[in-house]
Amino acid sequence: MLVLGIESSCDETAAAVVRDGSVLVSSVISSQIEVHKRFGGVVPELASREHLDKIVPVVEEAFARAGVTPQDVYGIAVTQGPGLVGSLLVGLSYAKALAYALAKPLVGVNHIEGHIYSVVFDNPPIQYPAFALIVSGGHSNLFLVPSPGKYKVLARTRDDAAGEAFDKVAKMLGLGYPGGPIIERLAREGDPRAVRFAVPRMGDGLPDFSFSGLKTAVSKYVRESGLQPVADGEEPSQQIKDLAASFQRVVVRSLVETTEKLAREHRPRTLIVAGGVACNGALRDAAAEAGARLGIPAYFPSRHLSTDNAAMIAAAGTVKLQAGERAGLDLNADVSLRLGNVGTEEDAARRGRVRYRL
Ligand code: KG4
Ligand code: ZN
């Protein structure tokens, strides 16, 4: 069963053909990093225009590389949200038109659920209950996945997402965009114990993440130590490398300690770590070590499937199509589409009056 996946929620236009939900046949990703780089972040209006330019050739390329025709696919899966509305609408409108023209079934996929399915290509089947730590530029959530398709959020960020913290700290240090890969590279040559940052903990005792205080601590350190941001083309100093390593160590510790603590309580059988920040080698090592202590395997996507891609959307969509789910042509983009019980009354009641940025 071949499924075409389409992803356009942020700054990557992507299409992929996947067989039987877990065999990658082709995956094409057109990145807009060059377009947004000089602005230090994604500019939504420019992102929509780029998607419009790229969507047709990217889908055609995915079919060409797979060596199949559009008529060969069983159905189409497209990212419905969360994401930027203008970006989502490009992929969604194209997917609807294609599904209509081919008379094929269509399903909408939650982008976060897609990231969870990014591990199915390179790992043994997921054993349930599973834990899924999804860390990207827009999200930092730890989900309990009792069975396929069921999600319960156990921890989430109260402010910045982990990837956002990497990007903001990199910007502060004059390192460029996106910050995660650059900080990781510099951190390899730095001393992670050079600058002592506290691991963020919540005053109310809930096991949530928070990265904006850490970002402020980095900015305070930069100010007080008189550290100069790296100028264009200049080699970063040892002090910058030490700072990158110290910052990365705290982000990784915060994510992994909370995950491990909750895993001792909920006893999952698989630990999934996915999303753009899952490219980070220090996070992979720490999560694998935590998995070993817990006696469960840790699954990561291959690096090219850690950041946004359409293979993960096709994989998640295949499960829905197999379950008989069908979207109509009224399928609409949902910029704040939620997964599982995030933001429900049950979630709010358990968490009292804590306010979250969703
Ligand atoms: O999943 P993704 O492509 O897009 C979102 O859905 O947000 O994630 C992008 C994020 C960026 O914030 C980027 O800095 C971060 O993932 N990232 C990393 C690394 N590679 C990408 N963060 C830490 N270390 C990395 N190696
Ligand atoms: Zn993503």
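Indexing begins at 1, ligand by ligand and atom by atom, following the structure's order.
The ligand atoms of ligand 1 that sit less than 4.0 angstrom from a heavy atom of Thr307 are 3 (O). Contact atoms of ligand 1 toward His115: 1 (O), 6 (O) (distance under 4.0 Å to a heavy atom of the residue). Atoms of ligand 1 found under 4.0 Å from any heavy atom of Gly138 (numbered from 1 in listed order, with element): 7 (O). Set against the non-hydrogen atoms of His111, the atoms of ligand 1 under 4.0 Å away are 6 (O).
Here the side chain of Ser9 pairs no donor or acceptor atom with the backbone of Gly83 at under 3.5 angstrom.
Remark: ligand 1 and Pro178 share no N or O pair separated by less than 3.5 Å (distance only, no angle test).
Ring pair His266/Phe131 is tilted by interplanar angle, where 30° to 60° counts as tilted. By the 30° and 60° cut-offs, the orientation of the rings of His111 relative to His115 is perpendicular.
Of the N and O atoms on the side chains of Gln127 and Tyr299, not one donor lies less than 3.5 Å from an acceptor on the other residue. Side-chain contact annotation: Asp160 with Ser212, donor-acceptor N/O pair under 3.5 Å absent. Side-chain contact of Gln32 with Ser30: a donor-acceptor pair under 3.5 Å is absent, judged by distance alone.
At least one N, O or S atom of His115, from either the backbone or the side chain, sits less than 2.8 Å from the Zn ion (ligand 2). Coordination check, His111 versus the Zn ion (ligand 2): passed, since an N/O/S atom of the residue sits under 2.8 Å.
Nearest non-hydrogen protein atom to atom 9 (C) of ligand 1 is Gly137 N, 3.8 Å. The protein atom (non-hydrogen) at minimum distance from atom 14 (O) of ligand 1 is Asp167 OD1, 2.7 Å. Nearest to atom 8 (O) of ligand 1 among the protein's heavy atoms is Gly276 CA, 3.3 Å. Given atom 18 (C) of ligand 1, the protein heavy atom at minimum distance is Gly180 CA, 3.4 Å. If you check which protein heavy atom lies closest to atom 26 (N) of ligand 1, you get Glu184 OE1, 2.7 Å. If you check which protein heavy atom lies closest to atom 24 (N) of ligand 1, you get Asn280 ND2, 3.0 Å. The shortest contact between atom 2 (P) of ligand 1 and any protein heavy atom is with Asp308 OD1, 3.5 Å.
Tested against Glu7, the residues Ile29, Thr79, Val78 include a single side chain to side chain contact (heavy atoms under 4.5 Å, CB included) partner, Thr79.
Taking the six-membered ring where the residue is Trp, the centroids of Phe247 and Phe166 are separated by under 6.0 Å.
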Going through the checks in order, is the salt bridge (Lys or Arg N to Asp or Glu O under 4.0 Å) test met by Lys241 and Glu235?
-> CA-CA 10 Å; Lys241 292 174 181 169; Glu235 167 66 14; 3.1 Å; yes
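Nearest to the Zn ion (ligand 2), among the N, O or S atoms that Asp308 has, is OD1.
Between Arg49 and Glu45 a salt bridge is recorded (basic side-chain N to carboxylate O distance below 4.0 Å).
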